[in-house]
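So the structure is just underneath, and the comments pick up after that.
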Amino acid sequence: MGWTTERRAAGAERAVRPDDDSGPGSRYKWIALSNTTLGVLIATINISIMLIALPDIFRGIGVDPLRPGNTSLLLWLIMSYMVVTAVLVVSFGRLGDMFGRVRMYNLGFAVFTVFSVLLSVTWMHGTSGALWLIGMRVLQGVGGAMLMANSNAILTDAFPADQRGLALGLNQVAGIAGSFIGLILGGLLGPLDWHLVFLVSVPIGLFGTVWAYLKLRDTGVRTPARLDWWGNLTFAIGLIAVLSGITYGIQPYAGHTMGWSNPWVIAAISGGVAVLGVFCLIENRVAQPMFHLGLFRIRAFTAGNVASLLAALGRGGLMFILIIWLQGIWLPRHGYGFEETPLWAGIYMLPLTIGFLIAGPFSGWASDRFGARTFATGGMLLAAATFVALEELPVDFGYPVFAAILLVNGIAMGLFSSPNRAAIMNSLPPDQRGVGAGISTTFQNSATVLSIGIFFSLMIAGLAGSLPGALTHGLTAEGVPAGDAARVAALPPVGVLFASLLGYNPVKTLLGPQVLDHLPAHHAAYLTGRGFFPALISPPFSQGLSAAFDFAIAACLVAAVASLLRGGRYVHGGGSPPTSTPPSPPGQGPGPPSEEPR
C-alpha cells in the first residue's frame with residue numbers, strides 16, 4: 001500500500017487550486033451547505049419514495065408484483081437505485097478530485113433531473129413498463145451518485161476544520177432523514193397519481209441545478225490525472241455482482257424459501273469478491289489509482305468507515321422490518337384498512353426522523369469542540385439499547401412506548417452519524433476528499449443493501465418454520481378447502497412479507513376470488529378483515545423479528561468498538577482543528593497520522 005513515487009511527483013507538479021478569492025468565506029460556505037444539503041436530501045428521498053407508492057405504481061402499469069415471475073421486477077424497482085449509487089460514488093468522487101468536485105456535482109443535479117422527468121412521463125404498461133422504470137431508476141441513480149459522492153468533499157473544502165462537524169452533520173442528517181421523508185411523500189402522492197412520485201423531484205432538481213451552476217465553485221485541491229480504467233471497471237463489476245447476488249438471494253429458488261443455494265447467487269457473490277480482490281491488486285500497482293488503498297493506513301479513516309458499515313448493517317433493514325410490522329400486524333389491528341397502511345406506516349415512523357433532526361446538528365457541532373469518539377461510540381451503544389427495547393415489545397405494542405423508542409433510536413443514530421462522517425472527512429488529504437467521501441458512501445450504501453438481504457433472510461427463516469402450519473390450520477378452520485389452504489401455505493413466505501409491505505389485503509390476495517366467493521359470507525369477511533391475518537402471522541413473525549433485532553444489536557455493539565478504536569481527534573495535516581499546521585502537499589500520501597487525545 002502507499003503512494004507511488006510517480007504519483008507524488010505528478011501530484012506536486014500538477015495539483016490545481018483555483019486562484020480566485022472564492023475560498024471558505026463566511027457567505028460562500030453557507031451557500032455550499034444549503035445547496036449540497038438540498039442535493040443529498042432529494043437524492044436520498046428517492047431511495048425510499050417508491051417503497052410506499054409501489055402498489056399505486058404497479059396498479060398504474062398493470063403488473064401484479066406478487067406473481068412469482070414478477071418478484072424480480074419488484075425487487076429491482078426497490079433496489080436498483082441503491083445498488084447504482086453504492087457502485088458509482090467512488091468513481092465519481094475520484095473524477096471530482098481530478099476534474100473538479102463542483103463540476104461533477106452540478107452534472108449530477110442535471111442528470112438526476114432529466115431522468116426524474118423521464119420517470120414521470122412513463123407511458124408503457126405491463127412488463128415493458130416495469131423494465132422502463134427500472135432502467136430510468138438506474139440512470140437516475142447515476143445522478144444521485146454524483147450528488148452523494150461530491151457533496152461532503154465540497155463542504156469539507158468550504159468549511160474550516162473547526163466547523164466541519166456542524167456542516168457535515170446537517171448534510172448527513174438531511175441524507176438520513178430523506179429516507180424517511182420519502183416514505184411520507186410516496187404515501188401522499190401515490191394515491192393521487194403515481195406519476196407524481198417521480199414528478200415531485202423535477203422542480204427541486206431544476207432549482208438545485210440552476211442554483212448550483214450559478215453559485216457553487218471549486219475551492220479545493222484538484223489533481224488532474226489519467227483515469228484508472230481497470231480499477232474503475234473491476235470495482236464496478238465486483239460490487240455489482242455481490243449486490244446483485246444479495247438481491248437474488250432473498251428470492252425463492254427451486255422449492256426453497258430463499259435463493260442462497262442458487263448456483264447463480266453463489267457464483268455472483270464469490271465471483272464478485274474475487275474481482276474486488278483483483279481491484280485491490282490493480283490499485284497497488286498502477287501509478288495513478290482510482291482509490292489509494294494507503295488511505296486505510298489512517299486509523300481515523302478506517303475505524304470510521306468500519307463503524308459506518310456496521311451501523312448501516314444494523315439500521316439499513318430496520319426501515320423495511322418496521323414497515324412490515326406496522327402494515328402487516330399493528331395498523332390493521334388498530335382499525336386501519338390494509339390499503340391505508342402504507343401511508344400511516346410512514347407517519348407512525350416520524351419519531352425516528354425527529355430524533356435524527358434533534359441529535360445530528362448538535363452532535364456535529366459538539367464534535368467540532370470535543371472530538372468524535374465519545375459521541376459516535378455513545379450513539380452506537382444507545383442504538384443497541386433501543387434494539388433491545390424493541391425486541392422486548394409485544395407484537396401488539398402500545399404506540400407511545402414504540403414512538404419513544406423510535407425517537408431515542410433516531411437520536412442515537414444522529415449522535416453517531418454526524419461526528420463519524422466529520423471525523424472521516426477530516427482525516428483525508430485535501431486532494432483525496434472526493435474519492436474518500438465516495439468510498440465512505442459506498443461502505444454505507446452497500447451495507448444498506450446487505451442489511452436488507454440479511455434482515456429479510458432472518459425474517460423469512462423465522463416465518464418458514466411455523467407460518468405454513470399456522471396458515472393451514474387457520475384457513476381450514478374457517479372453511480377453506482384443504483387443497484386451497486395447502487396451496488397458500490406452500491407459497492414462499494417472501495410473498496406474505498411483500499403483500500404486507502405493499503399494503504395489499506394478504507388473505508384476499510393469496511386466496512383469490514375463486515376461493516372466497518365459494519365461502520359463506522361471514523367466513524369470507526372474517527378472513528379478509530383486519531383481525532384474522534395479523535393474529536395468524538404474529539407468533540411466527542415475532543420469531544423472525546427477534547432474530548433480526550439480535551443481529552442489529554450485535555452490529556451496533558461491534559460498531560461501538562470500532563468507533564472507540566478510532567483514536568484521538570485527528571485532522572489531516574494537524575492534530576486538532578485550531579492548529580495552524582498546513583496540510584500535506586497535493587498528491588502526497590497521508591503520512592503518519594498526527595493524533596492527539598480529545
Side-chain angles (χ1 to χ4, degrees), residues 1-8 10-11 83-98 145 148-149 153 223 225-246 265-310 312-313 424-425 427-429 431-450 453 558-559 562 565-566 572 587-593:
M1 294 184 186
W3 313 110
T4 64
T5 304
E6 297 89 350
R7 172 64 169 71
R8 289 175 182 163
V83 170
V84 170
T85 54
V87 168
L88 293 180
V89 283
V90 178
S91 296
F92 288 142
R94 176 60 176 151
L95 289 173
D97 288 335
M98 291 163 56
M148 294 181 198
T223 309
R226 287 178 298 179
L227 194 62
D228 174 18
W229 288 106
W230 283 111
N232 280 272
L233 190 63
T234 52
F235 182 81
I237 291 173
L239 195 54
I240 287 172
V242 171
L243 297 181
S244 298
I246 292 168
V265 170
I266 296 170
I269 294 176
S270 58
V273 170
V275 173
L276 289 175
V278 173
F279 162 77
C280 293
L281 293 175
I282 291 171
E283 298 306 275
N284 273 321
R285 284 164 171 74
V286 297
Q288 296 174 334
M290 164 191 166
F291 176 71
H292 284 283
L293 297 176
L295 287 176
F296 284 113
R297 293 167 57 194
I298 305 174
R299 182 165 54 161
F301 179 77
T302 301
N305 278 306
V306 171
S308 179
L309 174 78
L310 290 162
L313 279 176
I424 290 171
M425 295 306 297
S427 72
L428 291 166
D431 68 328
Q432 296 293 312
R433 286 171 180 163
V435 71
I439 202 71
S440 181
T441 303
T442 289
F443 269 61
Q444 184 170 305
N445 290 5
S446 299
T448 300
V449 176
L450 177 58
V558 179
L565 295 176
R566 73 177 68 237
H572 183 85
Q588 290 190 8

(message) Could you check whether any side-chain N or O of Ser427 sits under 3.5 Å from a backbone N or O of Ile424, counting only pairs where one atom can act as donor and the other as acceptor?
(response)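 A pair under 3.5 Å: yes.
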
(request) For Ser308 and Gln444, indicate whether the former's side chain and the latter's backbone hold a donor-acceptor pair under 3.5 Å. (result)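 Pair absent, no side-chain N/O of Ser308 close to backbone of Gln444.
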
(request) Could you walk me through whether Val273 and Val242 pass side-chain contact (heavy atoms from CB on, under 4.5 Å), step by step? (result) CA-CA 7 Å; Val273 170; Val242 171; 4.1 Å; yes

Do [X] and [Y] have side chains that approach each other closer than 4.5 Å (heavy atoms only, starting at C-beta)?
X      : Y      : value
Val275 : Phe235 : no
Thr442 : Leu239 : yes
Leu243 : Leu450 : no
Trp230 : Val286 : no

Please report the interatomic distance [atom1]([X]) to [atom2]([Y]), rounded to the nearest 0.5 Å.
X      : Y      : atom1 : atom2 : result
Ile240 : Leu88  : CD1   : CG    : 7.0 Å
Asn305 : Arg566 : CG    : CZ    : 9.5 Å
Leu565 : Arg299 : CG    : CZ    : 7.5 Å

Looking only at heavy atoms, which two atoms of [X] and [Y] are closest? And how far apart?
X      : Y      : result
Phe301 : Leu295 : CD2-O, 3.5 Å
Gly231 : Thr234 : O-OG1, 3.2 Å
Met148 : Val89  : CB-CG1, 4.1 Å
Ala312 : Thr448 : CB-OG1, 4.2 Å
Gly93  : Ala149 : N-CB, 3.6 Å
Ala562 : Val306 : CB-CG1, 3.9 Å

(message) Assess the residue pair Ile282 and Asp228 against the criterion (side-chain contact (heavy atoms from CB on, under 4.5 Å)); give the C-alpha distance rounded to whole Å, side-chain angles, the decisive distance to 0.1 Å, and a yes or no.
(response) CA-CA 9 Å; Ile282 291 171; Asp228 174 18; 4.2 Å; yes

(request) Could you walk me through whether Arg297 and Thr302 pass side-chain contact (heavy atoms from CB on, under 4.5 Å), step by step? (result) CA-CA 7 Å; Arg297 293 167 57 194; Thr302 301; over 6 Å; no

